[in-house]
Peer 1: 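Below you'll find the structure I mean.
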Amino acid sequence: MKPMGPIPPAFAGQRGALTIGGHDAAALVAEHGAPLFVYDAALVAAQVTRFRTAVPGVDLHYAIKANPLPALLERIAPLVDGLDVASGGELAHALAVKPGAGISFAGPGKRDEELAAAIAAGATINLESAGEAYRALAAGDRLGIVPRVAVRVNPDMELRGSGMKMGGRPSPFGIDAEQAAAVVRAVIAGGADWRGFHIYAGSQALDAGAVIETQAATLALAARLAEEAGAVPPLVNLGGGFGVPYFAGDEALDVAAVGAALGERLAARADVLRDSRFAIELGRWLVAEAGVYLTRVVDVKDSRGERFVVVDGGLHHQLAASGNFGTVVRRNYPLAVASRMGAAAEGEVSVVGCLCTPLDRLGDRVALPEIAVGETIAIFLAGAYGATASPTAFLGHPAPAEVVV
Ligand SMILES: *Cc1c(COP(=O)(O)O)cnc(C)c1O
């Protein structure tokens, strides 16, 4: 038997039939079909409230690549101060729900058309290189619009314990800290509206101490660069990296501790940052726990002493749960039989998807209650990096349905 991660708090205490936002999971499947992603907007709103309480006075941005579903964006946009996008396509989604002034655009390889679209919309471009800075200035000249730009810094430190390290090394992301001040001076001299710094040091951190340490180093770096550039950044985007517990042994990030420490650091910040605003940008922490992937059992088979529960979904919809999206060791996401929440386990099964690849394993030797063909399996933590971070075209199965409740 292999352990599963913890079922998120909103669902962990449920007994009997699983409900999501007050809706019976089986009824949702009957209405929308399966496989189905269900997102509970009230849980996202509760996370926003948790952030506001813990980290007062700091802007909250939503990094929409975690989940760009338009129906969900509509619900999140009014709750947050900004949307961070990473492509022209995401920019279009964001502009449908937020004015351009509330949007920032990061990511390497922005094409000239994407830069132009961002400038025309009044969005802030987080510059990833000196070359991109010159292309943004040129695009602004062509359009006759002053471009809003911030300098994304490739920091000289990284977020300790982070699932995905983004700093402290050669990187396609951001301008090396050693060159950042020179680029700030160049864009200001070139007539751009310089909006400040964007410093992103990592992702999926659960250790409050590591986040606190990184935020302190980020603040110090922003102050040093502002001094060097001789300019006050209107906004310092401190990055994000708040993680969620996916696996056995993971514990929720202590956001209150992070907020308290950041509050103290901000109160004592360097004079050059006295008039700056600050922002934190979060993806998965806001949406991951609000989503559940529901998939139906098509077959139950025994093979050489192991029982396989074969479902109609798989890694083509929820790649991350199969362990093939940026994890080194495959571990089990939390899952449950939707009709029997809280029931005692009856045996060990492997839950496998319908794709012809041994990689398509959603639960590896997990302990679950008795399962029959036709029943629904719920895979939790499906609100971030699910449908749009999975190879949905692989093997030609239909795309999953997605619904916000
Ligand atoms: C992906 C990304 C995020 C969101 O990361 P999460 O781990 O989902 O919070 C935020 N900012 C940038 C620059 C990113 O690339």
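Just so it is clear, the structure is predicted and the values come from calculations on it, not from any experiment. Counting convention: from 1, in listed order, for ligands and their atoms alike.
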Peer 1: Counting distance only, does the side-chain N/O of K110 pair as donor-acceptor with the main-chain N or O of N126 below 3.5 Å?
Peer 2: yes
Peer 1: When you compare ligand 1 with R284, is there at least one nitrogen or oxygen pair between them that comes in under 3.5 angstrom?
Peer 2: yes
Peer 1: So, E132 side chain and E128 main chain: donor-acceptor pair closer than 3.5 Å or not?
Peer 2: yes
Peer 1: Ligand 1 versus Y385, non-hydrogen atoms closer than 4.0 Å: side chain, backbone, both, neither?
Peer 2: side chain
Peer 1: Looking only at N/O atoms, are L282 and ligand 1 under 3.5 Å apart anywhere?
Peer 2: no
Peer 1: Relative to the heavy atoms of S203, which atoms of ligand 1 are at a distance of less than 4.0 Å?
Peer 2: 5 (O), 6 (P), 7 (O)
Peer 1: Which heavy-atom pair separates N332 from L362 by the least distance, and what is that distance?
Peer 2: OD1-O, 4.3 Å
Peer 1: Looking only at heavy atoms of Y200, does any of them come nearer than 4.0 Å to an atom of ligand 1?
Peer 2: yes
Peer 1: Do E31 and H23 pair up side chain to side chain, a donor and an acceptor below 3.5 Å, judged on atom types alone?
Peer 2: no
Peer 1: Side chain, backbone, both or neither: which part of A63 comes within less than 4.0 Å of ligand 1 when only heavy atoms are counted?
Peer 2: side chain
Peer 1: I want to confirm something. Looking only at heavy atoms, which of H61, K65, H198, E281 is nearest to atom 14 (C) of ligand 1?
Peer 2: K65
Peer 1: Does the ring centre of Y333 sit less than 6.0 Å away from the ring centre of F247?
Peer 2: yes
